[in-house]
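Notes follow once the structure below has been shown.
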Amino acid sequence: MLNDVKVIICGKEYKLKTSESPNYVFALARSLEAKINEVSSGGSSPYSAAIMVALSLLDDLNKANQHLDSIRDQSKEYVDEAGKSRIERDAALKEIEVLKSKIVQLENLVKLKQLKDSI
């Protein structure tokens, strides 16, 4: 369901339709206005300040997306390594079973040889 939300940013009213909660949108508007006011305190117009804030936020978004991509790549590497380790573990467990059966066979051969020698 879409919510009708009115926000005022730098003295101008904006009517929005959004699926987000009004409180969330109000918080975004307050944060944006604070950033614009911070930039425009240097003497630039609210419009110029809004452009600078938009560029800064896009930069933050791009860097966050790059970081997220890096985390995804690293996670994929970890999953791949875990898969390889699991395969190696399974192979080692099979080899252990084979070696255990060889030990049993060798122990039986030793017992047979001891029996033959004792006879």
Side-chain angles (χ1 to χ4, degrees):
M1 179 175 124
L2 292 179
N3 297 312
D4 291 324
V5 181
K6 291 181 188 177
V7 294
I8 297 175
I9 302 171
C10 297
K12 185 165 180 179
E13 183 178 282
Y14 297 90
K15 296 177 184 179
L16 308 169
K17 285 192 180 287
T18 178
S19 59
E20 302 294 342
S21 75
N23 287 338
Y24 176 74
V25 176
F26 293 144
L28 288 177
R30 282 192 303 273
S31 177
L32 178 59
E33 185 171 28
K35 289 179 185 297
I36 290 171
N37 288 336
E38 183 181 314
V39 172
S40 66
S41 68
S44 59
S45 71
Y47 176 78
S48 296
I51 297 297
M52 296 306 295
V53 168
L55 285 172
S56 175
L57 292 173
L58 282 173
D59 179 49
D60 291 346
L61 177 64
N62 283 334
K63 287 177 180 172
N65 282 334
Q66 288 173 357
H67 185 66
L68 182 60
D69 288 342
S70 173
I71 290 171
R72 283 184 183 133
D73 291 343
Q74 193 174 24
S75 295
K76 184 183 179 312
E77 288 175 19
Y78 291 153
V79 168
D80 290 346
E81 286 178 29
K84 288 177 186 174
S85 294
R86 190 175 302 115
I87 290 169
E88 289 172 0
R89 182 207 63 199
D90 291 346
L93 289 173
K94 286 179 184 175
E95 186 175 351
I96 288 170
E97 289 304 315
V98 168
L99 292 173
K100 282 181 179 179
S101 71
K102 284 184 180 181
I103 289 171
V104 169
Q105 287 174 354
L106 290 172
E107 286 173 342
N108 288 336
L109 284 174
V110 167
K111 287 178 186 176
L112 280 172
K113 183 165 178 17
Q114 288 172 346
L115 279 173
K116 283 182 184 178
D117 290 346
S118 68
I119 296 180

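Everything numeric in this text was worked out from a predicted model, so none of it was measured.
More than 12 heavy atoms of other residues, nucleotides or ligands lie within 6.0 Å of CZ in F26, so this atom counts as buried by the packing criterion. Taking a 6.0 Å sphere around CD of E38, one finds it holds 12 or fewer heavy atoms contributed by other residues, nucleotides or ligands.
Inter-residue side-chain proximity for V98 and K94 is flagged as unmet; no heavy-atom pair is nearer than 4.5 Å. Contact annotation: the side chain of P22 never approaches that of D4 to less than 4.5 Å [non-hydrogen atoms, C-beta and beyond]. Taking 4.5 Å as the limit, every side-chain heavy atom of L115 sits out of range of all side-chain heavy atoms of K111.
Salt-bridge formation is detected for the pair K113/D117: a Lys NZ or Arg NE/NH1/NH2 atom is positioned less than 4.0 Å from an Asp or Glu carboxylate oxygen. A salt bridge links R72 with D69; the closest basic N to acidic carboxylate O contact falls under 4.0 Å. By the 4.0 Å N-to-carboxylate-O rule, K76 lies close enough to D80 to be salt-bridged with it.
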- Message: side chain to side chain contact (heavy atoms under 4.5 Å, CB included) for L112 and N108? Distances and angles first, verdict last.
- Response: CA-CA 6 Å; L112 280 172; N108 288 336; 5.6 Å; no
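Under the 4.5 Å side-chain heavy-atom criterion for grouping Ile, Leu, Val, Met, Phe, Trp and Tyr, I36 is connected to Y14 within one hydrophobic cluster. When the side chains of ILVMFWY residues are joined at heavy-atom separations under 4.5 Å, either directly or via intervening members, I87 and V79 end up in two distinct hydrophobic clusters.
Taking all atoms of both residues into account, the shortest heavy-atom contact from S40 to S45 is CB-O, 4.3 Å. Closest approach of K35 and L57 over heavy atoms only: CE-CD2, 4.0 Å.
One N or O on the side chain of S75 and one on the backbone of I71 form a donor-acceptor pair closer than 3.5 Å. Without hydrogens or angle criteria, E33 side chain to I9 main chain gives no donor-acceptor distance under 3.5 Å. Judged by distance alone, with hydrogens and angles left aside, the side-chain atoms of S85 form a donor-acceptor pair with the main-chain N or O of E81 at under 3.5 Å.
To the nearest 0.5 Å, atoms CD (E95) and CD (E88) are separated by 12.0 Å. One finds the OG atom of S56 at 11.0 Å from the CG atom of L61 (value rounded to the nearest 0.5 Å). Interatomic distance, OG of S19 versus OH of Y24, reported as 10.0 Å (0.5 Å rounding). Separation of atoms CZ (R30) and CG (N37) is listed at 13.5 Å; rounding is to 0.5 Å.
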